[in-house]
Trainee: 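Submitted below is the structure of interest, expressed as structure tokens.
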Amino acid sequence: MTKLHELFWTFFKIGAFTIGGGYAMIPLMEQEIVDKRKWLNKEEFMDTMSLAQSMPGVFAVNMATNVGFRTRGIIGATTAILGNVLMPILLILVLAIFFRQFSDNPVVESIFKGIRPAVVALIAAPVFTMAKTAKISWSNFWIPVAATLLIWLLGVSPVIIILVAGLGGFIYGKIKSRKEAKK
């Protein structure tokens, strides 16, 4: 059984050491939750990510809630959430107190400009892992590309994309199961 202090410190570490929030946390989350702690396997992690993305609220908190609940129920969810949000809340409070004094400092501006490309890389890197785990191949590669283009170029709501993709997956599954039943 997962110990509550392990759950707290794992999500505390995730919340404390991932700059950029939500999607930048995915590599560290996967390393801690799947590879190191083995609380979830890769498919369960992908399913939990999908659920966390589709739920209202902050992605990292949704992930903490889901993993905590799966491992220790309501107390686990509460513990994981507290671990995940404690350090960011403290950092935001400290930054809010001192940021005005340093916001025009060229060194601080340079630090933030240097962090931006790293955050982009942290967000981009999990795409390849997620694609492999989700079994995205050249035959179905067009689906995430089309979804991205619809959102980015045409301004289609991600909610509509998710609903259409879910409906499409449901219909595809029904057609596939009927074909297999006829064999």
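What you see is a predicted model, and the numbers here were worked out from it, not measured in a lab.
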Trainee: Is any side-chain heavy atom of L51 closer than 4.5 Å to a side-chain heavy atom of N62?
Mentor: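 No, their side chains stay 4.5 Å or more apart.
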Trainee: Is there a path of hydrophobic side-chain contacts, each under 4.5 Å between heavy atoms of I, L, V, M, F, W or Y residues, that connects M55 with M49?
Mentor: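 M55 does not cluster with M49.
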Trainee: Would you indicate whether Q53, at its atom CD, is surrounded by more than 12 heavy atoms from other residues, nucleotides or ligands within a distance under 6.0 Å?
Mentor: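 Yes - once you tally the heavy atoms of other residues, nucleotides and ligands closer than 6.0 Å, there are more than 12.
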Trainee: Mind checking the NE2-OG1 spacing from H5 to T10? Nearest 0.5 Å is all I need.
Mentor: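 H5 NE2 to T10 OG1: 9.0 Å, rounded to 0.5 Å.
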Trainee: Look up atom CG in D35 and atom CG in N41, then write down how far apart they are to the nearest 0.5 Å.
Mentor: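 The distance works out to 11.0 Å.
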Trainee: Would you call the rings of F8 and F12 parallel, tilted or perpendicular, taking 30° and 60° as the class edges?
Mentor: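 It falls in the parallel class, under 30°.
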Trainee: Which distance, rounded to the nearest 0.5 Å, do you find between the CD1 of I92 and the CD1 of I89?
Mentor: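 Separation between the atoms: 7.0 Å.
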Trainee: Under 3.5 Å, sequence neighbours excluded: what are the donor-acceptor pairs made by side chains of residues 153-172?
Mentor:
| residue | atom | partner | partner atom | Å |
| --- | --- | --- | --- | --- |
| S157 | OG | V159 | N | 3.2 |

Trainee: Would you give the length of the straight line joining atom CE of M87 to atom NZ of K13, rounded to the nearest 0.5 angstrom?
Mentor: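 Rounded to the nearest 0.5 Å, the CE-NZ separation comes out at 13.0 Å.
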Trainee: So E32 and W9, do their side chains get closer than 4.5 Å, heavy atoms only?
Mentor: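 Side chain of W9 against side chain of E32, heavy atoms only: no contact under 4.5 Å found.
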Trainee: To the closest 0.5 Å, what do you measure between CZ (F11) and CE (M25)?
Mentor: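 With rounding to 0.5 Å, CZ (F11) is 10.0 Å from CE (M25).
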Trainee: Which pairs, with at least one residue in residues 70-80 and sequence neighbours excluded, count as a salt bridge (charged side-chain N to carboxylate O under 4.0 Å, His left out)?
Mentor: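 For residues 70-80, and leaving out neighbouring residues, the salt bridge (charged side-chain N to carboxylate O under 4.0 Å, His left out) pairs sorted by first residue read E44-R70.
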Trainee: Using every non-hydrogen atom in the two residues, find where P88 and G15 come nearest and quote the distance to one decimal.
Mentor: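 Minimum heavy-atom separation between P88 and G15: CG-O, 3.5 Å.
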Trainee: Using modelled atom types only, decide if a donor and an acceptor are shared between the side chain of N140 and the backbone of S137 within a distance under 3.5 Å.
Mentor: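 Checked: pair present.
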Trainee: Count I, L, V, M, F, W, Y as connected when their side-chain heavy atoms are under 4.5 Å apart, and connections chain through other members. Are V67 and L82 then in the same cluster?
Mentor: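 No.
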Trainee: Using the test ring pair (Phe, Tyr, Trp, His ring centres under 6.0 Å), find all partners of W152 that sit at least two apart in sequence or belong to another chain.
Mentor: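 Partners of W152 under the ring pair (Phe, Tyr, Trp, His ring centres under 6.0 Å) test: none.
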